Peer 1: 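I have a structure I would like to understand better, so I am pasting it below and will then ask my questions one at a time.
Below, all heavy atoms of this structure are taken into account, side chains as well, without hydrogens, waters or symmetry copies. Since this is a predicted model, take the numbers as computed values, not measurements. Along the sequence shown, residues are numbered consecutively beginning with 1.
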Amino acid sequence: MPTVRSIVPACATLALAFAPASAAQRTTINPVDIDYRYNFEQINNGVSYRTGADPAIVNHQGIYYLFMTLADGYWRSTDLIEWRFVNPSRWPFDSIVAPAAWSDGSRIILQPSMMEPESILATTDPDSGRLDFWVRRMPPLPGSVDKSPEEMKPGEVPPGPWDPALFKDEDGQWYMYWGSSNVFPMYGQKIAFEDGKLIYIGRAQTMLALHPDQHGWERFGQDHCACWAPGKPSPSYMEGAWMTKVSGKYYLQYGAPGTEFNVYANGVYVGDSPLGPFTYAPYNPVAYRPGGFAEGAGHGSTFQDNFGNWWNSGTSWIGYNWGMERRIVIHPARFHTDGQMAVSTRFGDFPRFVPRGKANDPDSLFTGWMLLSYRKLATASSTLDEFAANRVTDEDPRSFWVAAANRAGETLTIDLGRVATVHAAQVNFADYKSGRFADAPDIYTEFELQHSTDGKRWQTLARTEAPRRDRPNAYFELPEPVRTRFVRYVHGHVGGANLAISDLRVFGNADGRAPSVPGRVTAIRHPDERDATVRWARVPGATGYNLRFGIRPERLTLTHQLWADELGPGPLLEKELRSLNVGVPYWVAVEAFNETGVSRLSRPVRMR
């Protein structure tokens, strides 16, 4: 059985050629490749999993800082590619959930979610991890009462602020927004920071509320079923406030309809002042990804990079061990000259370029490297119970292979079926009875990827490098493309009790032609205008399709990615879209893709 330790010396020369790969890396992928932390909340139930959610990313003095839920620290990056964990000098004992973060130019202010008065932290030296108290103890939230909505009196609000967002306007005035509920709205209020205190100015005002009866995408549950499961209806959840000001307009963003399913998204209301009134954007949702490997894009933040490009972060759902098992995603965004906010999730979990200058079209960041591993034959050196190797090519983060033993030298091999040009690979680990509930020195990831054209003679493709860290979603861009057929994972170490991999994803381009343009596209709006059925002719050789839709035929800002083998065997395919807004016209077009490339987009048709 091969091992990482025994293979590396024999391939030392080749490995050295790959060592500087990160320095030359031009691309990244979702989920973001960071050392997610093990959750401690279910320690008494024995449920162990890594997670990351509710990302608040700020650009502070040209460096990017990422704060998230239950991380016991934060991350820094100079390029949006490599992220380094920063151990803080102080942190709440219960950790931090859904934090607000804001850079005022000289410091970063960090406010946790809270149901009763707690502290707000700040740092003028975030690289060192030094955090000081900005507000040692918050005052009580004015009007806070623990009542049902029906019992509320004017001026009363539920306990909080939970899921807060901070915003400092250009005139120096501070504002706070908050709310996470399936019954209460989002609130906003003027605040001030003076002499180590937070001062609430006036009373909280209602900013926005969900209207799933009018906004299809705000319906909770898998594919907007408005349910936890068939026969178990559920209301929708609004949360995750974030404010962005662009060209004098205020974009108040929110996450909905709930983090536990594939349709978690970000929406926006737009106003002319920080406290509104705000108008619902008819093009909502702005960040939406119900299909693919990294499903979901809700509850995050919007920030600008050092070149003026906009990005929107969010939360992607896994949910195998627990409903709140999640990962972080970052998608390119833009604000059109007419004010429309848009986030591109097209091929949102395929490799994309990270720009080193102004990129006017977010879609241009897609590398064109296609998924080569979908449904390909996979074999393993050993298997535990029903957790078979074929699960690592199904593009489902909730299914995975488990090795019979977590020992160095275990292998997982994918046969791409033919020689293709490989540019990148992503190894997505899973947690199966991991038995870990906190960070520790032995929680790190170590392995090697090898490749072969014949399945017999193997060479190094990529490997983990120092310094050691945990890499639940390890991504490697190759310094040069490689022509190969077989890709093999050779195990070294993981921190959990079991070696479990959900998907080994290989990206590049197969020989041949991209699919032809999908034809016979029609779209029928249902009597319930929140829904529509799109139909199109099957394209021979297509691996999948993107339904691209929006409120203008020349600006199809939303994407629903589909796999061809999940759409049935007939010559005419169809998909129901359930994310539409009542009274808003829509257009839709379809593009097909395979392992070679992407077709031209079909002519947009109106949903009638």
Peer 1: Do any N or O atoms from the side chain of Asn30 and from the backbone of Ile330 form a donor-acceptor pair under 3.5 angstrom?
Peer 2: yes
Peer 1: Would you check if there is a donor-acceptor pair between the side chains of Tyr269 and Asn284 at a distance under 3.5 Å?
Peer 2: no
Peer 1: Under 3.5 Å, is there a donor-acceptor pair between the Ser77 and Arg84 side chains?
Peer 2: no
Peer 1: Distance alone, cut at 3.5 Å: any donor-acceptor contact between the side chains of Ser301 and Trp242?
Peer 2: no
Peer 1: So does Arg136 get a backbone contact from the side chain of Ser119, meaning a donor-acceptor N/O pair under 3.5 Å?
Peer 2: yes
Peer 1: State whether Asp349 and Arg327 are salt-bridged, where the test is any N-O pair (Lys NZ or Arg NE/NH1/NH2 against Asp/Glu carboxylate O) under 4.0 Å.
Peer 2: no
Peer 1: Quick check for you: to the nearest 0.5 Å, what is the distance between Ile63 atom CD1 and Ser103 atom OG?
Peer 2: 11.5 Å
Peer 1: Going through the checks in order, is the ring-ring contact (aromatic ring centres under 6.0 Å, His included) test met by Tyr237 and Phe220?
Peer 2: CA-CA 7 Å; Tyr237 291 78; Phe220 182 78; 5.6 Å; yes
Peer 1: Quick one: list whatever passes ring pair (Phe, Tyr, Trp, His ring centres under 6.0 Å) with Tyr175, sequence neighbours left out.
Peer 2: none
Peer 1: Step through the shown structure and confirm whether more than 12 heavy atoms of other residues, nucleotides or ligands are within 6.0 Å of NZ on Lys358.
Peer 2: yes
Peer 1: Going through the checks in order, is the side chain to side chain donor-acceptor pair (under 3.5 Å) test met by Gln253 and Thr244?
Peer 2: CA-CA 8 Å; Gln253 297 142 66; Thr244 305; 2.9 Å; yes
Peer 1: Are the side chain of Ser128 and the backbone of Asp125 linked by a donor-acceptor contact shorter than 3.5 Å?
Peer 2: yes
Peer 1: Gln340: which residues meet the side-chain hydrogen bond (donor to acceptor under 3.5 Å, both in side chains) condition with it, sequence neighbours left out?
Peer 2: Arg555
Peer 1: Name all pairs fulfilling the disulfide bond (SG atoms under 2.5 Å apart) condition that reach into residues 36-96, sequence neighbours left out, sorted by first residue then second.
Peer 2: none
Peer 1: Go through Trp174 and Phe193 one step at a time and tell me if the ring-ring contact (aromatic ring centres under 6.0 Å, His included) criterion holds.
Peer 2: CA-CA 8 Å; Trp174 283 94; Phe193 293 113; 5.2 Å; yes
Peer 1: Check whether any side-chain N or O of Gln214 sits under 3.5 Å from a backbone N or O of Asn581 as a donor-acceptor pair, and report yes or no.
Peer 2: no
Peer 1: Who pairs with Tyr177 by ring pair (Phe, Tyr, Trp, His ring centres under 6.0 Å), at least two apart in sequence or on another chain?
Peer 2: none
Peer 1: List the atom of Ala165, the atom of Ala100, and the distance in Å for their closest heavy-atom pair.
Peer 2: CA-CB, 3.7 Å
Peer 1: Not counting sequence neighbours, which residues clear salt bridge (Lys or Arg N to Asp or Glu O under 4.0 Å) with Glu170? List them please.
Peer 2: Lys245
Peer 1: With distance as the sole test, does Asn321 use its side chain to make a donor-acceptor pair with the main-chain N or O of Tyr432 at under 3.5 Å?
Peer 2: no
Peer 1: Could I get the full list of salt bridge (Lys or Arg N to Asp or Glu O under 4.0 Å) partners for Arg352, not counting sequence neighbours?
Peer 2: none
Peer 1: Looking at CZ of Arg50 and OH of Tyr36, how far apart are the two atoms once the value is rounded to the nearest 0.5 Å?
Peer 2: 11.0 Å
Peer 1: Less than 4.0 angstrom from a charged side-chain N to a carboxylate O is my criterion; do Arg578 and Asp531 meet it?
Peer 2: yes
Peer 1: Could you check whether atom CG of Asp528 has more than 12 heavy atoms from other residues, nucleotides or ligands sitting under 6.0 Å from it?
Peer 2: yes
Peer 1: Is the gap between the ring centers of Trp75 and Tyr65 under 6.0 Å?
Peer 2: no
Peer 1: What I want to check is whether the side chains of Thr51 and Asn39 have a donor and an acceptor closer together than 3.5 Å.
Peer 2: no
Peer 1: Please round to the nearest 0.5 Å and tell me the distance separating atom OG of Ser316 and atom CD of Glu295.
Peer 2: 7.0 Å
Peer 1: For the atom pair CG (Leu558) and OG1 (Thr345), what is the distance rounded to the nearest 0.5 Å?
Peer 2: 7.5 Å
Peer 1: Could you pull out all residues at least two apart from Asp305 that satisfy side-chain hydrogen bond (donor to acceptor under 3.5 Å, both in side chains)?
Peer 2: Asn309, Trp311
Peer 1: Is the closest side-chain heavy-atom distance between Tyr250 and Val270 below 4.5 Å?
Peer 2: no
Peer 1: Pair up each side-chain donor or acceptor in residues 204-212 with any protein partner under 3.5 Å, not counting sequence neighbours, and list the distances.
Peer 2:
none

Peer 1: Could you work out, with salt bridge (Lys or Arg N to Asp or Glu O under 4.0 Å) as the rule, every residue matching Arg552, not counting sequence neighbours?
Peer 2: Asp338, Glu554
Peer 1: Under a 3.5 Å distance rule, please check whether Asn266 uses its side chain to pair with a backbone N or O of His299 as donor and acceptor.
Peer 2: yes
Peer 1: Report the C-alpha distance between Arg346 and Gln561 in whole Å, list the side-chain angles of each, state the deciding distance to 0.1 Å, and finish with yes or no for side chain to side chain donor-acceptor pair (under 3.5 Å).
Peer 2: CA-CA 8 Å; Arg346 176 177 176 260; Gln561 181 180 309; over 6 Å; no
Peer 1: Can you tell whether the side chains of Arg37 and Asp72 come within less than 4.0 Å, N to carboxylate O?
Peer 2: no
Peer 1: Would Phe429 and Ser502 count as a side-chain contact (heavy atoms from CB on, under 4.5 Å) if you check the C-alpha gap in whole Å, the side-chain angles of each, and the deciding distance to 0.1 Å?
Peer 2: CA-CA 6 Å; Phe429 293 87; Ser502 69; over 6 Å; no
Peer 1: Just checking, any donor-acceptor pair under 3.5 angstrom between side chains of Asn473 and Asp33?
Peer 2: no
Peer 1: Who are the side-chain hydrogen bond (donor to acceptor under 3.5 Å, both in side chains) partners of Glu156, not counting sequence neighbours?
Peer 2: Lys147
Peer 1: Only counting residues at least two apart or in another chain, list the ones meeting ring pair (Phe, Tyr, Trp, His ring centres under 6.0 Å) with Trp178.
Peer 2: Tyr187
Peer 1: Would you please test Asn546 and Thr559 for side chain to side chain donor-acceptor pair (under 3.5 Å) and show each step?
Peer 2: CA-CA 6 Å; Asn546 285 328; Thr559 300; 5.9 Å; no
Peer 1: Counting only heavy atoms not in Arg90, do more than 12 fall under 6.0 Å of its CZ?
Peer 2: yes
Peer 1: Verify, without hydrogens or angle tests, whether Asn262 (side chain) and Asp223 (backbone) share a donor-acceptor contact under 3.5 angstrom.
Peer 2: yes
Peer 1: For Tyr283, check ring pair (Phe, Tyr, Trp, His ring centres under 6.0 Å) against everything at least two apart and list the hits.
Peer 2: none
Peer 1: Verify ring-ring contact (aromatic ring centres under 6.0 Å, His included) between Trp310 and Phe303, making sure each step is shown before the conclusion.
Peer 2: CA-CA 6 Å; Trp310 288 99; Phe303 65 97; 8.5 Å; no
Peer 1: Pick from Tyr254, Phe261, Phe549, Tyr288: which one makes a ring-ring contact (aromatic ring centres under 6.0 Å, His included) with Trp217?
Peer 2: Tyr254
Peer 1: Is Glu218 salt-bridged to Arg530, cutoff N-O under 4.0 Å?
Peer 2: no
Peer 1: Keeping the roles fixed (side chain from Gln173, backbone from Ile191), state whether a donor-acceptor pair exists under 3.5 Å.
Peer 2: yes
Peer 1: Any chance you could lay out the side chain to side chain donor-acceptor pair (under 3.5 Å) test for Thr533 and His526, step after step, and finish with the verdict?
Peer 2: CA-CA 8 Å; Thr533 298; His526 296 189; 2.7 Å; yes
Peer 1: Is a side-chain N or O of Thr69 found less than 3.5 angstrom from the main chain of Asp54, in a donor-acceptor match?
Peer 2: no
Peer 1: Is a donor on one side and an acceptor on the other found under 3.5 Å between the side chain of Asp470 and the backbone of Asp35?
Peer 2: no
Peer 1: Kindly say whether the aromatic ring centers of Tyr74 and Phe67 come within a distance under 6.0 Å.
Peer 2: yes
